[in-house]
Participant: 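Structure provided below as C-alpha cells; questions to follow.
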Number of protein chains: 2
Amino acid sequence: MKNDESLVKVRTKSVRKNQIRLSNERRILAAAVKIFAGFGYQGATTRKIAEEAGIPKANLHYYFQTKEQLYRRVLDGIFKDWLAAANTFDECVEPIEALRGYIETKMELSRKRPLESRIWAEEILRGAPLIQHELEVTLSAWLDTRVKRITDWINAGRIDALNPRILMFMIWAVTQHFADFESQIRALNQQQNLSDNQFKEAKQQVTRIILKGIGALD
Amino acid sequence: MKNDESLVKVRTKSVRKNQIRLSNERRILAAAVKIFAGFGYQGATTRKIAEEAGIPKANLHYYFQTKEQLYRRVLDGIFKDWLAAANTFDECVEPIEALRGYIETKMELSRKRPLESRIWAEEILRGAPLIQHELEVTLSAWLDTRVKRITDWINAGRIDALNPRILMFMIWAVTQHFADFESQIRALNQQQNLSDNQFKEAKQQVTRIILKGIGALD
DNA sequence: GTCTATAACCGGATAGAC
DNA sequence: GTCTATCCGGTTATAGAC
C-alpha cells in the first residue's frame, strides 16, 4: 500500500515537472527566435533572451546549458519547417500546380514567420558553421528528389529545358527575400511594411513570372 | 632660404604622411571587408581585423577611432557599387538589353565581390540600423527612376503589365542569392563552389527566365 | 525548479613610451 | 605614426542558498 502510494506520488510529481520543463522550454525557444533574429547569433545575449522570456538568466542556463545548444534547437525547428514546405510540391502531379503550390507556401512562410527565415539566412551567410552537415546530407537528398521530378517534366516537354537546381535556387531566393530583406522593402515602400494586398500582388507576380519564365504556361 | 627649405620639408613630410595614411586605410578597409563578411558586425573583432591587416590593434584605432566608424566606411563603399551597377540599365533603350545588362552586372558583382554582398545582406537582416536613412532617401530615389523606365515599357506594350518594384526586388533577390547563400549552394553542389561554367549557366538561366517571364521575349 | 551573486573571460578603446 | 600594457564594461556560465 505505502509503496503504491509513493510510486503514484513520484509519477505525479515527475509528470508535473515534465510539463513545467516543456512549457518553460517553449517560452525560452520563442524568446530565442525573436532575439536571434533581431540581433544575430553573436549579437544575441542570454540576458536579452531571458528578459524576453521573463525569467532570470540562470534559469535559461538551467534549461539550455549553453547558448550554442539553444541556438541549435532553434535551427532544428526551422529546418523542419523548411523541409515540410515541400509537401504541396510533392502532392501535385502537374508542374504548374506543384510549383505554384510550393512558391505560394514559401511566400506564406516568409510572410508569417519572417524571423525564422532571417535566422536561417544569417546562419548561411556566416558559412553555415553549425548546419553544414545537415545541408550536405539531408537538404541535398531532399533537393535530389525534387530535381528528379522537375527533370521528368522537362523530358515530358511540360516545361522548358533548364537546370532544375538553379530553378530551385531562384525560388528560394525570391520567396525568402520578402522575409530576409523586409527592412529594405519597407524603406522603399514609404516606411510601411507591405500591406496584405501588396503582398498578395507580390505573390501572384512572383508565381506568374517564374511559371511563365520556365514555359509552364505555354 | 631657410624658410623655403623648411616649407618644402614640411610639405614633403605631409605628402608622405598622407600616402601612408591612405595606404594603411586601404589595408584596413580590405581586412575589414573580409572579417565583417565572415563574422558579421558583432562577431567581427577589431583584433581580428588588425591581425588580418597585419598591424597592431592600437594602430587600427589610430586610423578609425571606433569599430562603428570603420564599419560605416565599409558600408559606404558597398552602397556606391550597388548604385553604380545600374549604369548598364540606364544606357540601354531596349527593355531586353537594359534588363539583361542589369541582371548580368548584378550576377558578376555577386561572383566577384560576394563579401560585400554578404555585409550588405547582414545589415538589412538586422533591420538596416545604420543605413536606413540612405535606403529611404538615396536608394528610394534611385528606384523611382528605374520604376519610371519600366512603366514606360509597360505602357508601350514592350513587356507585360506588372509591378516594377516587385520586378526589381526579384532581380535583387535572385542575383544576390548567389553571393549571400554561397555556402548553401556549395553544400548542394558536392561541397564545391560553382565552377565558371556552372555560374555562366546560372547567369543565362536566370536572365532567360526573368526576361521570358515578364514577356520581354514575346 | 528558482534566483542572487560571482567567477572567468573577452572585446573595444586608450595611455603613454618610443 | 607605431606599439605595449592596461582599463573598463559587458558576456557566458556556474555556485550555492532557497
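Scope of the values below: all heavy atoms of this structure, side chains included, with no hydrogens, waters or symmetry mates. These numbers were taken from a predicted model, which means no experiment stands behind them. Convention: sequence-line order gives letters A, B, ...; per-chain numbering from 1.
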Participant: Figure out the CZ/P separation between B/Arg16 and D/dG1, and round it to whole Å.
Facilitator: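 Atom-to-atom, B/Arg16 to D/dG1, this comes out as 12 Å.
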Participant: Over its full length, what angle do the end axes of the helix from C/dG1-D/dC18 to C/dC18-D/dG1 make, each axis taken from five pairs and the result rounded to 10 degrees?
Facilitator: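 Inter-axis angle at the termini of the helix from C/dG1-D/dC18 to C/dC18-D/dG1: 10°.
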Participant: Does B/Asp144 have any salt bridge (charged side-chain N to carboxylate O under 4.0 Å, His left out) partners at least two apart in sequence or in another chain, and if so, which?
Facilitator: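 Here the qualifying residues are B/Arg165.
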Participant: Between B/Ile28 (CD1) and D/dG1 (P), how many Å, whole number?
Facilitator: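 Roughly 11 Å, once rounded to whole Å.
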Participant: According to salt bridge (charged side-chain N to carboxylate O under 4.0 Å, His left out), who are the partners of B/Lys112, at least two apart in sequence or on a separate chain?
Facilitator: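 By the salt bridge (charged side-chain N to carboxylate O under 4.0 Å, His left out) rule, B/Lys112 matches B/Glu108.
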Participant: Restricting to side-chain contact (heavy atoms from CB on, under 4.5 Å), what partner residues turn up for B/Asp81, sequence neighbours left out?
Facilitator: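 Checked B/Asp81 against side-chain contact (heavy atoms from CB on, under 4.5 Å); matches are B/Arg113.
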Participant: Taking only residues two or more places apart in sequence or in another chain, which ones pass side-chain contact (heavy atoms from CB on, under 4.5 Å) with A/Arg111?
Facilitator: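 For A/Arg111 the side-chain contact (heavy atoms from CB on, under 4.5 Å) partners, ignoring immediate neighbours, are A/Leu194, A/Asp196, A/Phe199.
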Participant: Under the salt bridge (charged side-chain N to carboxylate O under 4.0 Å, His left out) test, which residues partner B/Arg149, sequence neighbours left out?
Facilitator: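 For B/Arg149 there are no salt bridge (charged side-chain N to carboxylate O under 4.0 Å, His left out) partners, ignoring immediate neighbours.
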Participant: Could you state the atom-to-atom distance from CD of A/Gln65 to P of C/dG1 in whole Å?
Facilitator: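 After rounding, the gap between these two atoms is 13 Å.
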Participant: Show me the donor-acceptor pairs within less than 3.5 Å that the side chains of residues 40-50 of chain B make with the rest of the protein, sequence neighbours left out.
Facilitator:
| residue | atom | partner | partner atom | Å |
| --- | --- | --- | --- | --- |
| B/Thr45 | OG1 | B/Lys48 | N | 3.1 |
| B/Arg47 | NH1 | B/Glu51 | OE2 | 3.1 |
| B/Lys48 | NZ | B/Gly43 | O | 3.2 |

Participant: Indicate whether OP1 or OP2 belonging to D/dT14 is found under 4.0 Å from a side-chain N or O atom of A/His61.
Facilitator: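 Indeed not, no polar side-chain atom of A/His61 lies that close.
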Participant: Round to the nearest Å and state the distance from A/Lys67 atom NZ to C/dC10 atom P.
Facilitator: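 After rounding, the reported distance stands at 14 Å.
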Participant: Give me, pair by pair, the N or O atoms of the protein and of nucleotides 2-4 of chain C that are less than 3.5 Å apart, along with how far apart they are.
Facilitator:
| residue | atom | partner | partner atom | Å |
| --- | --- | --- | --- | --- |
| C/dT2 | OP1 | A/Asn24 | ND2 | 3.4 |
| C/dT2 | OP2 | A/Tyr63 | OH | 2.8 |
| C/dC3 | OP2 | A/Asn59 | ND2 | 3.0 |

Participant: Is the ring pair B/Phe169/B/Trp172 parallel, tilted or perpendicular, if the boundaries are 30 and 60 degrees?
Facilitator: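 Ring orientation of B/Phe169 relative to B/Trp172: tilted.
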Participant: Can you sort out which residues in residues 34-45 of chain B have a heavy atom within less than 4.0 Å of DNA chain D? Ascending by number, please.
Facilitator: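 Under 4.0 Å from DNA chain D: no residue of residues 34-45 of chain B.
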Participant: Round to a whole Å and report the spacing from CG of B/Leu60 to C1' of D/dT4.
Facilitator: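 These atoms are roughly 16 Å apart.
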Participant: With sequence neighbours left out, what residues match B/Tyr63 under side-chain contact (heavy atoms from CB on, under 4.5 Å)?
Facilitator: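 Partners of B/Tyr63 by the side-chain contact (heavy atoms from CB on, under 4.5 Å) criterion, ordered by chain and then number, come out as B/Ile20, B/Arg21, B/Asn24, B/Glu25, B/Ile28.
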Participant: Classify the side-chain pair B/Thr105/B/Thr88 by whether it contains a donor and acceptor separated by less than 3.5 Å.
Facilitator: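 A donor-acceptor contact under 3.5 Å links the two side chains.
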Participant: To the side chain of A/Thr66, which of D/dA13, C/dA13, C/dG1 is closest?
Facilitator: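 Side chain of A/Thr66 sits closest to D/dA13.
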Participant: Would you kindly give the CD-to-P distance between A/Gln19 and C/dG1, to the nearest whole Å?
Facilitator: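 So the two atoms are 12 Å apart, to the nearest Å.
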Participant: OP1, OP2 of D/dT11 versus side-chain N and O of A/Arg47: anything below 4.0 Å?
Facilitator: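 Yes.
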Participant: Could I get the full list of side-chain contact (heavy atoms from CB on, under 4.5 Å) partners for B/Ser195, not counting sequence neighbours?
Facilitator: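 side-chain contact (heavy atoms from CB on, under 4.5 Å) check on B/Ser195 returns B/Asn197, B/Gln198.
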Participant: For A/Glu182, what residues pass the salt bridge (charged side-chain N to carboxylate O under 4.0 Å, His left out) criterion, not counting sequence neighbours?
Facilitator: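 Partners of A/Glu182 by the salt bridge (charged side-chain N to carboxylate O under 4.0 Å, His left out) criterion, ordered by chain and then number, come out as A/Arg118, A/Arg186.
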Participant: Is there a side-chain contact between B/Thr46 and the phosphate of C/dG11, meaning an N or O under 4.0 Å from OP1 or OP2?
Facilitator: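 Looking at the OP1 and OP2 atoms of C/dG11, neither is under 4.0 Å from any side-chain N or O of B/Thr46.
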